[in-house]
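All of these numbers come straight from a predicted model, not from anything done at the bench.
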There are 2 protein chains.
Amino acid sequence: MDSRKQRVLEALIDDYIATAEPVGSRTLARKYGLGVSSATIRNEMADLEELGYLEQPHTSAGRMPSDKGYRYYVDEIMRPTRLNARDRERIRHAYHVRVRELHWFIHQTARLVSELTLYPSMVVAPPLAQALLVDLSFVPLGSGTVLMVLRTSTGMVENQTLAVPDEFDADKLWALAWDFTQEFRGVSLDELKNRILDPLQGDINRYRELWQLAFKWVTGRDGDDDKVSLAGPLNILNYPEFRDIEKVRRVLGFLETKTAVELVSRYFSDGVQVVIGAESSLDDIQDCSLVTATYRLHGSVVGHLLVLGPKRMQYNRVTSIVEAVSEELSRALHG
Amino acid sequence: MDSRKQRVLEALIDDYIATAEPVGSRTLARKYGLGVSSATIRNEMADLEELGYLEQPHTSAGRMPSDKGYRYYVDEIMRPTRLNARDRERIRHAYHVRVRELHWFIHQTARLVSELTLYPSMVVAPPLAQALLVDLSFVPLGSGTVLMVLRTSTGMVENQTLAVPDEFDADKLWALAWDFTQEFRGVSLDELKNRILDPLQGDINRYRELWQLAFKWVTGRDGDDDKVSLAGPLNILNYPEFRDIEKVRRVLGFLETKTAVELVSRYFSDGVQVVIGAESSLDDIQDCSLVTATYRLHGSVVGHLLVLGPKRMQYNRVTSIVEAVSEELSRALHG
DNA sequence: ATTTAGCACTCGGACAACGAGAGTGCTAAT
DNA sequence: ATTAGCACTCTCGTTGTCCGAGTGCTAAAT
């Protein structure tokens with residue numbers, strides 16, 4: 001792979017990304033200043049194909065990048081672009097608000113990323129199972145309902161209104177929450193699940209039912225509702241590779257069922273990762289690429305951020321965006 | 001419109017609903033026991049077309065119902081079907097849970113309806129603007145954050161975590177919430193917006209900033225986030241009329257932007273309503289029908305429920321489902 | 001030893017011609 | 001009033017043809 005081959009590959013991928021059409025030698029010679037004739041390029045292309053970087057949909061068509069070609073492009077050729085001032089500003093100011101709710105951050109981030117990239121984007125919240133319980137409190141709302149508020153070490157504040165069997169006054173509830181917190185502070189929700197619910201003694205006994213409700217609620221929080229925020233799914237309809245309704249169904253279905261959560265935990269390591277086509281080994285998104293990044297809370301990786309698009313994705317722009325946003329998000333969560 | 005025409009129209013619509021193909025006279029004569037020959041039916045069909053109930057995509061095709069035809073079918077011909085035991089059970093048990101969160105009910109309902117009908121479904125929560133403030137409370141979460149909890153007369157419990165300027169202890173917060181509640185109880189959020197924020201005096205003055213935050217939060221709640229729950233949008237991909245990506249984009253876009261909220265308030269009256277095609281005068285869903293219903297809280301209508309599908313919708317089944325669910329939901333909210 | 005011009009070849013897509021099939025409307029017979 | 005029969009119309013799928021884009025190869029040029 002000499003440097004001219006690289007330049008040919010780069011030009012071809014750039015063109016294919018822009019047009020979604022197989023690229024021929026003539027086009028390449030004309031539009032990109034490669035300084036050689038189309039015949040020479042033809043030879044180079046034949047070589048690149050033999051090496052596995054390009055493929056041909058059929059004999060007399062131009063060539064398009066293979067997964068391996070994209071991989072080489074992403075790893076070796078592509079240089080990160082600097083985002084324009086407008087986008088940088090947008091990212092910088094995205095989190096300047098009073099709201100401190102983790103869900104809000106997640107949601108906001110997904111929207112921001114999908115609007116900047118024009119691809120669908122998902123943000124995965126810190127997995128609750130690994131979070132440690134910080135405290136639990138109850139807020140009496142009257143008429144037999146109570147608001148339970150759970151705080152965890154990942155900064156999540158989850159809450160839910162429940163119907164409770166008896167009326168409780170504020171003091172009783174306060175005492176109960178206190179006891180609960182004392183009992184379980186610092187325990188991970190995952191581990192909590194395996195705790196046997198001690199038969200309660202003494203004073204506490206009267207609150208058994210509420211205690212049990214709380215326990216059940218706290219440990220039952222891993223239904224992945226709300227843990228993932230999806231934005232801009234319809235963006236994929238703008239790309240010609242999704243003209244086929246079956247593909248749309250697969251991809252949107254994939255996004256909707258949030259299989260991505262599981263997937264993303266596989267590309268867990270820090271930093272920006274690119275997954276191209278079949279590399280994900282997920283049938284539904286064989287024709288897609290993903291760009292993922294992690295974000296941090298107090299220095300440790302707690303969640304992921306993900307962009308899904310056609311393989312013909314603007315990798316350099318997307319990776320830049322994803323990197324900038326994940327950094328800004330980590331910074332915002334820290335403060 | 002004699003009774004035989006009615007029967008022909010009914011058979012034709014039933015067939016068209018089942019097949020999505022224009023129906024010819026021969027098919028009608030063969031599959032439905034109308035007791036007359038295809039020639040007779042042909043004459044009837046010609047009449048029905050002249051009356052505006054049917055239309056022909058082109059000369060030598062069968063016929064399909066026009067909007068007017070569907071309208072007649074819905075209003076005059078169709079008889080409600082009794083749901084099967086399984087579905088009835090499903091609806092009856094849908095709300096047997098301890099969770100008392102309005103959002104949960106909304107979400108659950110949307111899912112239930114879309115799964116039963118196999119069409120996309122939306123549920124619109126009670127408009128906050130018209131709700132009256134019942135009370136506001138603050139829960140200190142430590143490290144400069146506070147959870148604000150708002151209760152309204154529509155049973156909504158909204159809450160949000162905010163970063164606050166100073167540390168507050170529980171007593172101060174309690175006092176502040178008490179004052180806030182005293183000041184504004186019974187005021188609708190809409191009206192509250194027009195209240196001038198009295199310059200605070202005396203003791204309260206110290207909390208000015210938190211007070212303002214709370215006020216801003218309470219009155220700023222009508223961004224329609226969360227007010228609408230959408231389920232099963234991808235169901236439309238199962239119907240052949242949405243083979244075309246442009247239509248899909250329009251309809252999913254319509255659902256995503258939640259224009260439906262505004263639309264639905266126009267069909268506000270109680271009970272189950274059917275809107276067919278152009279009747280909605282919304283370009284994006286010209287090829288769709290909607291079935292809407294209202295649900296009640298303590299006897300008065302507070303929200304809506306909506307199913308969107310192709311005009312070729314199973315009107316009788318959908319109306320039955322929507323009716324049963326909205327009743328069950330009202331019942332559940334009442335308790 | 002590379003590069004390039006030239007040329008024959010291949011393949012898909014667009015287009016027209018065509019026939020089959022479905023369905024109609026009309027007329028005449030029942 | 002109904003129905004059988006028939007000519008007519010229109011769509012859709014198939015087939016054949018042509019065109020253009022693009023290739024690979026060979027031979028000439030640098």
Side-chain angles (χ1 to χ4, degrees), chain A residues 1-9 11-16 18-66 69 240-241 243-244, chain B residues 1-9 11-66 69 240-241 243-244 312:
Chain A
M1 171 70 87
D2 56 32
S3 95
R4 190 171 67 188
K5 281 198 181 41
Q6 275 204 12
R7 269 177 306 158
V8 170
L9 182 58
L12 189 143
I13 294 187
D14 285 343
D15 201 80
Y16 188 74
T19 65
E21 299 287 337
V23 188
S25 55
R26 232 179 85 84
T27 315
L28 241 36
R30 230 185 318 117
K31 292 207 325 202
Y32 302 82
L34 295 170
V36 289
S37 78
S38 68
T40 309
I41 294 181
R42 260 198 306 282
N43 291 327
E44 296 288 32
M45 285 166 79
D47 291 353
L48 285 167
E49 178 164 8
E50 192 154 2
L51 291 168
Y53 296 108
L54 299 181
E55 46 197 33
Q56 243 178 330
H58 60 259
T59 332
S60 75
R63 292 194 169 76
M64 40 194 286
S66 66
E241 30 270 279
R243 201 88 48 76
D244 175 22
Chain B
M1 172 69 91
D2 57 30
S3 96
R4 191 172 65 187
K5 281 199 181 42
Q6 274 205 11
R7 268 178 307 159
V8 170
L9 182 58
L12 189 142
I13 293 187
D14 286 343
D15 201 78
Y16 188 75
I17 286 177
T19 65
E21 298 288 337
V23 188
S25 55
R26 233 178 83 84
T27 316
L28 241 35
R30 231 184 319 115
K31 293 208 324 205
Y32 301 82
L34 295 171
V36 289
S37 77
S38 69
T40 309
I41 293 180
R42 254 193 315 278
N43 291 328
E44 295 289 31
M45 284 165 82
D47 292 353
L48 284 167
E49 180 166 6
E50 193 154 4
L51 292 168
Y53 296 108
L54 299 181
E55 46 199 33
Q56 244 177 329
H58 56 85
T59 332
S60 75
R63 293 199 170 70
M64 40 195 287
S66 65
E241 30 271 277
R243 201 89 46 78
D244 175 23
R312 181 183 69 83

Hits for salt bridge (Lys or Arg N to Asp or Glu O under 4.0 Å) against A:Asp47, two or more places apart or cross-chain, chain-then-number order -> A:Lys5
Grab the N/O contacts between the protein and nucleotides 9-12 of chain D below 3.5 Å, and write none if there aren't any.
from: D:dT9; atom 1: O2; to: B:Ser60; atom 2: OG; distance (Å): 3.4
from: D:dC10; atom 1: O2; to: B:Ser60; atom 2: OG; distance (Å): 2.7

What does A:Arg63 touch in the nucleic acid at a heavy-atom separation under 4.0 angstrom: a base, only the sugar-phosphate, or nothing?
-> sugar-phosphate
So, A:Ser66 side chain and A:Gly52 main chain: donor-acceptor pair closer than 3.5 Å or not? yes
Here the gap from A:Met1 atom CE to A:Glu44 atom CD, rounded to the nearest 0.5 Å, amounts to 9.5 Å
Heavy atoms of B:Leu54 and B:Pro65 approach each other most closely as CD2-CA, 4.0 Å
Here the distance between atom P of D:dG22 and atom CD of A:Glu55, to the nearest Å, is 18 Å
To the nearest 0.5 Å, atom CE of B:Met45 lies from atom OG1 of B:Thr40 at 12.5 Å
**Asked** Should B:Val36 and B:Arg4 be marked as a side chain to side chain contact (heavy atoms under 4.5 Å, CB included) after you check the CA-CA gap, both sets of side-chain angles, and the distance that decides it?
**Response** CA-CA 10 Å; B:Val36 289; B:Arg4 191 172 65 187; 3.7 Å; yes
Is the backbone of A:Ala61 close enough, under 3.5 Å, to the side chain of A:Gln56 for a donor and an acceptor to pair up by distance?
-> yes
From CG of A:Leu28 across to P of D:dA21 the rounded distance in Å is 16 Å
DNA chain C: first to last nucleotide in contact with chain A (atom under 4.0 angstrom from a heavy atom), 5' to 3', is C:dT3 to C:dG12
Within residues 16-24 of chain B, the residues having a heavy atom closer than 4.0 Å to DNA chain D are none
The side chain to side chain contact (heavy atoms under 4.5 Å, CB included) partner of A:Leu12 among A:Leu48, A:Ile41, A:Val23 is A:Val23
Taken to the nearest 0.5 Å, the spacing of A:Arg7 CZ from A:Asp2 CG works out to 8.5 Å
Residues in residues 33-50 of chain B with a heavy atom under 4.0 Å of DNA chain C, by number, are B:Arg42, B:Met45
*Would you call B:Arg312 and B:Pro240 a side-chain contact if the rule is heavy atoms closer than 4.5 Å?*
yes
Contacts under 3.5 angstrom, residues 24-34 of chain A side chains, donor-acceptor by atom type, not counting sequence neighbours:
from: A:Ser25; atom 1: OG; to: A:Arg42; atom 2: NH1; distance (Å): 3.2
from: A:Lys31; atom 1: NZ; to: A:Asp15; atom 2: OD1; distance (Å): 2.9
from: A:Tyr32; atom 1: OH; to: A:Asp15; atom 2: OD1; distance (Å): 2.8

Heavy-atom nearest pair, A:Tyr16 first then A:Met64, reads OH-CE, 3.3 Å
